[in-house]
Amino acid sequence: MRYSGARVILEGLRGQRGWRPAWREPAPKSDYDIVIIGGGGHGLSTAYYLAREHGAKSVAVLERGWLGSGNIGRNTTIVRANYYLPGNSEFYSHSLKMWEGLERELNYNVMHSQRGLINLFHSDGQRDAFARRGNAMANQGDDAILLDRDGVRKHLPYLDFDNPRFPVYGGLLHPRGGTARHDAVAWGYARAADRRGVDLIQNCEVTGIDVQNGRVTGLQTTRGSIRAKKVGIVVAGRSSQVAAMAGLRLPIESHVLQAFVTEGLKPVINHVVSFGMGHFYISQSDKGGLVFGGDIDFYPSYAQRGNLPMAEHVMEAAMTLMPVIGQARVLRSWGGIMDMTPDGSPIIDKTGIDGLYIDCGWNYGGFKAVPASGFAFAHLIAQDRPHRIAERFRLDRFTTGRGLMDEEGTGAQHNLH
Amino acid sequence: MRLTCPHCGERDLREFAARGSAVVLSRPSAGASAEEWADYLHIRDNPAGEARDLFYHTPCGLWIEVTRSTITHAVIAARPVREAKP
Amino acid sequence: MRLEGRGQIDRDHPVRFTFDGRVIDAFRGDTVASALMANDIRVVGRSFKYHRPRGLYSAGSDEPNALVTTGRGRDALPNVRATMQEVWEGLDVTSQNRWPSLTRDVGAINDLFSPFLAAGFYYKTFMWPRAFWERVYEPLIRRAAGLGRLSGEAARDASEKAFAHCDVLVIGSGPAGLMAALTAARAGADVILAEEDSHMGGRLLSETDTIGGLSGPQWVGSVLNELTALPNVRVMERTTVTGAYDQGTYGALERVSLHRPPGRAPRECFWRIAATRTILAAGALERGVAFPGNDRPGVMLASALRTYVNRWGVAPGQSAVVWGNTDTAHRTARDLASAGIHVAAVIDARADATTTGDWPFYPGGEVLSTQGRLGLKGLQVRHGRREFTVWTDCLAVSGGWNPSVHLASHIGSRPVWRDDIQAFVAGPEPVPGMDVAGAANGIFDTAGCLADGLRAGNVAVQAIGLETHSPDLPDAEATPYAITPLWEVEGKGRAWLDLQNDVTTKDVRLAAQENFRSPEHMKRYTTQGMSPDQGKGSNVTALAVLAAATGATVAATGTTTYRPPFVPVTISAMGAGAKGKGFAPERFTPAHAAAVELGAPMIEAGLWYRPSFFPLSGERVWRESCDREVRMVRESVGVTEVSTLGKIEVMGPDAGTFLDVVYTNTMSSLAVGKVRYGLMLREDGHVMDDGTVARLSEDRFVLTTTTAAAAEVMRHLDFVAQGLRPGLNLRTVSVTEQWAQFAVAGPRSEALVRSILDDPAAGVLPFMGCTEASISGTGVRVFRISFSGEKGYEIAIPSDRGEALWRLLLAHARMLGGGPYGLEALNVLRIEKGFLTHAEMNGRSTAFDLGLQGMMSAKKDFIGKALAARPGLLGETREQLVGLRPVGAARMLTAGAYLFGEGAAATREAQQGFTTSVAWSPTLDTFLGLAFLVNGRARHGERLRMVDHMRNVEALVEVGPPCAFDPDGGRMRG
Amino acid sequence: MAELIARTPAHADLPQPVEIGRTRIAEVVLGPVTWIAPFDGQEKAVTAALRAAAGVAFPKPGQVTRKGSVRALSVGPGQALLIGATVTPDGAATTDQSAAWCALSLSGEDACAVLARLTPLDLRPSAFALHRTARTMVGHMTASLTRTSENTYEIIVFRSMAHTLVHDLTRAMRHVAVRAAL
């Protein structure tokens, strides 16, 4: 069933009776060519591109809970390509281009909105650092504009320019940056993958990975054993546990990142705004809620919730930067579990076990990566060699020191990125 | 969250800086292999359950090792890293 | 309409406020909601999506419809629950989401299109053409979305935050909460009793029961008299506990003065409460029934109607129908009748129910639909096979009670379904230290709540190790709770679940039809429960509808997750105190005021402020001042304050050994009276910080760190000392605050230093020497070090005399033709010399990259040594520090620009490096740059293209060594 | 010889004691302050030396030892500030901190309520009795807090943060005062 405005009107006239399930509810088969563990954004997009790009016919996605129940459903929805280190630059640039065609690709409105993202800076040194970032983006072929204080004022007149603790010197505008409706991305990929024959299996937890003679042979699950020629692990927030089933240890520590949304309000914030000195970023959803967040809570955690000190820090940052939103009320807070890596950049790689691949370590930047991550991971699984956009996301970079992508420059401490 | 600083007593989380897994206390000896060093600094067991993590009580300067659950956030024990040294 | 002789309002104190400009008469004790009802205003809001007219539905913080804006301008507060807002003289209330008025709202046209606006319709359309999303569709949607409106003015920082600690936190002050608080208080526990309402008592303020022979309010008063007299009890009304966090930490929002005209009092206070034990006695929330037309103004919860009638003495009309599935219906009818309101019918979903009242009674009946446009006029009722119309102004509906388990679920515990009460309750000890009591625990009669409060109080008392002193239980009403499921009535027309987000039963069924069958999928697809009330009144009903649609039980369907806050919290409350400078401490150096006196612009350096430059009259731009200051230092002498540098003393027999661990070079061999430049790595082999180490005596070293890294280095030293080298005998302490420090630099620096020292001979120090001396009798530390490349000193003096020394230094400097210099000049001086700051030590650079590999001792282990030797951190592929000068026509350099081969395209693939720091050098009459360049040390003399897209600057540059001035350091050694 | 005039940390921000409502803040001139940290195994010797020279023992965690105008405040594991006398006992790391700290006293009936706006420390008498001291936070600053009488607290922060401390305290004092008048 194809979605369209005409269809919406037709179904409106006939009482919505004709809408069919967005995806099937298949029982797991005993045997697949490829099994993807993890029905989040990355897993679903991987399955989709396996079918779409590589013609894979026998693919299943196993999801412990409900589709999209991980970080794809609990993030702050920002889509951007403003990285500056080689490896990240080309990957996120590619991902943003994929976003720009995603709705028609999936026949699903994920509400990708390129409303512009502004990173504020607060000193001469930060200006130079953001100039470098902007230049790297331009070198990559992406858009970036360095704004001075007056330039920022034109876009964001509501900031406290007069008496903030850290005055605004300017900002780096990324016009193609923006947001998307997070759940819709999962649903869009799920529906599109399902239409290409991928079996999406919910409430199916993987309990074991079968390896024989250095080669993966299948999985044990709460819904029975499944044989598989190839297995991809894409389970941010549980990466260490699932990898451990195959005897792998990862350079990952799990941390909780909180986010907040206010009651719906008439439009006030029209960009994505990021306040580096205060570890605060914000946008306003189409529904009117101010969606914002800050830094991780810093202690290792698998609980999808945080504590008050960071929540208060985030609200305080809002008050010093944009007191215009002070009277808005926070409606809901939540936490996502982040795979934090030693350099803050992700991993898409083989594992040393034939047929077993892993896509993990997205820190708190995984949402915008969903299209390209799935695309590159599907390539790796299908072709057994990395796609050029992700060839630097290697596991061994920490051992060799080659190609580290520490954008923040905070070093090999997982919770500092 | 509240943690107990062995010197100062039970305090609000906001008084602490968190560092992550306590395995960094087990620094390899100078002659260790490159693999050992890389593992030490990067690879983590990352348990979903009982874990040993490091916190710094900023007001008093004490580094502590906290045994805690990463699932429930229950705190089981806390001691100065001086005493935790393997 | 106002009911004579009823309610707890103060009829001696009339209060007038405005609603959409209309003056409303009310009494002290009214809420905006009760006052609107008293004035027969039925439409109080418009719904989010369809702009349906809506009336009062509840009487508490769960109100879905009556969201209003109070105040104007910067004090405007959107989405205030009219049910929670107490009236005060002059209060300005406006309705929301309507234009031009509540009764004539153009947006209501949306309702006509509702057949096409089903759940998730927007995921299926608006995709063509692509550019239309940002330009057409989204702006339209954004404008239509949202309920209230922010004023667009900066909010005042008018709230506060506070901490509290107690043995027992009691949340809610109904019969269970009061009894629990009394029990704990009498046993001597420190008790905090938090109540969301303006008055303690919970449902006891709204019901006509007697307790121990007293009316509800009287009994509440007697308990409160005892509690407030106890020193160990803190009673907090208008305080909503908003979230449960780890180890007994709770967030709570107190409405301090929102019930009064604005003044100097804090508006709200956000509390952080640490409690050993908590008793959740937050009561239960009544739920409605999803039946066609159930959103009509005049349809309201039965409990809310009793509250309006009994507590505030108001009623929504002359007659009412009551419909329910428990004895609640009968209680409501009795109260209405006694208040003189005509009870047009009582409908009890339980077919076997009986009544004692004198009203039409329909056991087993149901309401099929409603009539009326801006207010309820009549109901279509089915009883047996008969369908008929009942004319009424008001329908009081009750579908049962949902215990308020929100806080019990905040840290991960899932509520448990109970068939006998058709509701979710909390599991055992859902939050460590928490007990749930009363209606929140699924006990719905007063006597049961009192007893359960007493039980919970005693459990808490025992848990904290006190002796119990149980109060006597007063007599109270004890009715068994009998309920039959009553979730929805199917029929023609829309039946609302989430009134705010306009989610109907059809939407939930559509979600199930499209396979959004898990509660989370249904919630996200339909937006059920994502509205300002977070589905307080509708979530469980929606789950029941979903369960029916999927053929599952409610228990098996489960719930979505409750998350903080329980009620929305203003950002200005949770972020109180941070507006303006309050976000982070401000640190001022000892000579700050003296620098400001000289007109120096002070700029942020982390938490510190430092002078940028010291303008002289006639200088129009910073560069003029900066160039002059640089020349001054190169030609005579300059003075600048460096107190912000971190200063750490390391003492003890093993101090040297310890420093050998944290620095790449050897410090243990440093002679007393000498200073050495030191480099610290992180364990991953990258540079953490640099600074100097001075050995003041055999077992006392003083380290300097950069301003930015001072706290990080201190923490690192503590970590190494305590965690990695606990066997070493040493002590570390920050002395940053003790010592004001000034750099004196330039050819005449020695003359200056000698002129102020009590013993001028102490100024004759070798390069990298240090000594203790005195100035006007005050002990100082003198270091012969330089960050400018000139002969230089740093003098440290106790901070209390820092300003005096600064003034003395300036006076003497001026006599020598010198003066003060600021950060800008300091930066130029160091760039001319190729010295480092964190622009170069950027967290990704290694000693090798910076050309400091010679400082890495081969003879000892140190932090970072092993991992700095990884192949990827060495060799020709690394970007190495170089100096740059422009050589083409364009003479300007910028920092953050990239380097490319001459003639190469400016693309990522062709990047060769980037600039980190640049400056105009008045000394060399050229721009100078520092840059990282692939294999840079081998490329001195090479020409490259520098491109800065951001500033539209391009230049041809020549690569050289980082140090551009006095490369052999003769001036510095002097 | 020029005289170098010493400034107290809060001389500009709090030149005079300030009273708002039922609380008062005033700068405390600490006099000589020495940071003392006994080396491994030297704790007893250092206590003996301190007793001999100043009449006070090395304080246990959270403790203040006092003799006349001399006090020793516990400020961290194995660390104390000796205030009011200068003693540099053998066997301990010591350093002069006389100019490092800004100390204010906060007193009055509502002092505890004011402080509760700023510190997460449990201030109940059962947890923070008379003459107890704690390293904690005041606002965003690390601080030493000491209860010096029933209704008096001494707050010590970095000297450079004197302005912020006075600002934070006076804001809290105003709020408490206005509330009390409601």
Side-chain angles (χ1 to χ4, degrees), chain C residues 160-166 190 256-257 260 263-266 269 272 274 577 581-590 593 607-608 643-644 649 651-653 699-700 729-740 756 758 775-779 797-805 808 811, chain D residues 1-9 12 33 35 37-42 76-79 92-102 113 115-124 126-127 139-141 157-165 167-168 171-172 174-179 181-182:
Chain C
E160 62 169 1
K161 293 200 271 192
F163 296 93
H165 302 259
C166 62
D190 287 335
V256 180
S257 66
R260 304 167 158 271
R264 290 169 53 239
C269 180
R272 287 69 56 92
K581 308 290 190 200
F583 178 61
E586 294 183 277
R587 299 182 80 173
F588 295 109
T589 63
L607 299 180
W608 294 95
S643 303
T644 61
E649 285 187 16
M651 292 166 275
D699 56 2
R700 182 186 302 265
N729 194 5
L730 70 124
R731 296 293 180 267
T732 59
V733 62
S734 168
V735 294
T736 305
E737 296 278 333
Q738 169 65 18
W739 297 98
I756 60 163
D758 294 342
I775 298 174
S776 302
T778 300
I797 189 165
S799 295
D800 54 348
R801 288 180 167 79
E803 182 179 331
L805 178 57
L808 182 69
Chain D
M1 192 165 81
E3 195 193 348
L4 296 179
I5 297 167
R7 299 281 205 187
T8 63
V33 178
W35 178 86
F39 289 117
D40 297 352
Q42 298 293 314
Q79 303 167 38
T94 62
T95 196
D96 180 20
Q97 299 247 303
S98 306
W101 303 98
C102 170
L115 210 46
R117 263 118 193 106
L118 296 171
T119 182
L121 189 71
D122 186 348
L123 296 169
R124 287 180 292 170
S126 54
H140 298 111
M141 300 169 283
V157 301
F158 286 158
R159 174 191 190 94
S160 64
M161 295 183 180
H163 172 80
T164 297
L165 178 61
H167 168 272
D168 286 1
R171 182 183 150 95
R174 277 198 304 276
H175 281 152
V176 170
V178 185
R179 265 175 174 266
L182 281 181

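Per chain, numbering begins at 1; letters A, B, ... match sequence-line order. Computed from a prediction, not measured in an experiment: that's the story for all the values here. Computed over heavy atoms, backbone and side chain alike; hydrogens, waters and symmetry mates excluded.
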Please classify the contact of [X] with chain D as side chain, backbone, both or neither, using a heavy-atom distance under 4.5 Å.
{"X": "C:L730", "result": "backbone"}
{"X": "C:T644", "result": "neither"}
{"X": "C:W608", "result": "side chain"}
{"X": "C:E586", "result": "both"}

Which one of [options] has the most heavy-atom pairs closer than 4.5 Å to chain C?
{"options": "D:A172, D:C102, D:P38, D:P77", "result": "D:P38"}
{"options": "D:R117, D:H163, D:Q97, D:H140", "result": "D:R117"}
{"options": "D:A12, D:G78, D:G41, D:A116", "result": "D:A116"}
{"options": "D:R171, D:R174, D:M161", "result": "D:R171"}
{"options": "D:D40, D:T95, D:T164", "result": "D:D40"}

Inset, instruction - Quick one: do D:H167 and C:K581 satisfy side chain to side chain contact (heavy atoms under 4.5 Å, CB included)? Show the steps, please. - result: CA-CA 10 Å; D:H167 168 272; C:K581 308 290 190 200; over 6 Å; no
Rounded to the nearest 0.5 Å, how far does [atom2] of [Y] lie from [atom1] of [X]?
{"X": "C:F163", "Y": "D:L118", "atom1": "CZ", "atom2": "CG", "result": "8.5 Å"}
{"X": "D:E3", "Y": "C:R801", "atom1": "CD", "atom2": "CZ", "result": "8.0 Å"}
{"X": "C:Q738", "Y": "D:W35", "atom1": "CD", "atom2": "CH2", "result": "13.0 Å"}
{"X": "C:H165", "Y": "D:R124", "atom1": "NE2", "atom2": "CZ", "result": "7.5 Å"}

Legend entry - Worked verdict on D:F39 versus C:R731 for side chain to side chain contact (heavy atoms under 4.5 Å, CB included): CA-CA 7 Å; D:F39 289 117; C:R731 296 293 180 267; 3.8 Å; yes
Legend entry - Toward chain C, the part of D:D168 with a non-hydrogen atom under 4.5 Å: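 Answer is neither: D:D168 stays 4.5 Å or more from chain C.
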Legend entry - Part of D:L115 lying under 4.5 Å from any heavy atom of chain C: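 It is neither, since no heavy atom gets under 4.5 Å.
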Heavy-atom pairs under 4.5 Å with chain D are the metric here; pick the option from [options] that has the most.
{"options": "C:A274, C:P585, C:A804", "answer": "C:P585"}
{"options": "C:P798, C:G263, C:P653, C:A265", "answer": "C:A265"}
{"options": "C:L607, C:T778, C:V733, C:L808", "answer": "C:V733"}
{"options": "C:T589, C:D190, C:T732, C:L805", "answer": "C:D190"}

Just by modelled atom types, is the [Y] backbone N or O under 3.5 Å from a matching donor or acceptor in the [X] side chain?
{"X": "C:D800", "Y": "D:A99", "answer": "no"}
{"X": "C:S799", "Y": "D:A100", "answer": "no"}
{"X": "C:R700", "Y": "D:T94", "answer": "yes"}

Inset, instruction - Any chance you could lay out the side chain to side chain contact (heavy atoms under 4.5 Å, CB included) test for C:C269 and D:H175, step after step, and finish with the verdict? - result: CA-CA 10 Å; C:C269 180; D:H175 281 152; over 6 Å; no
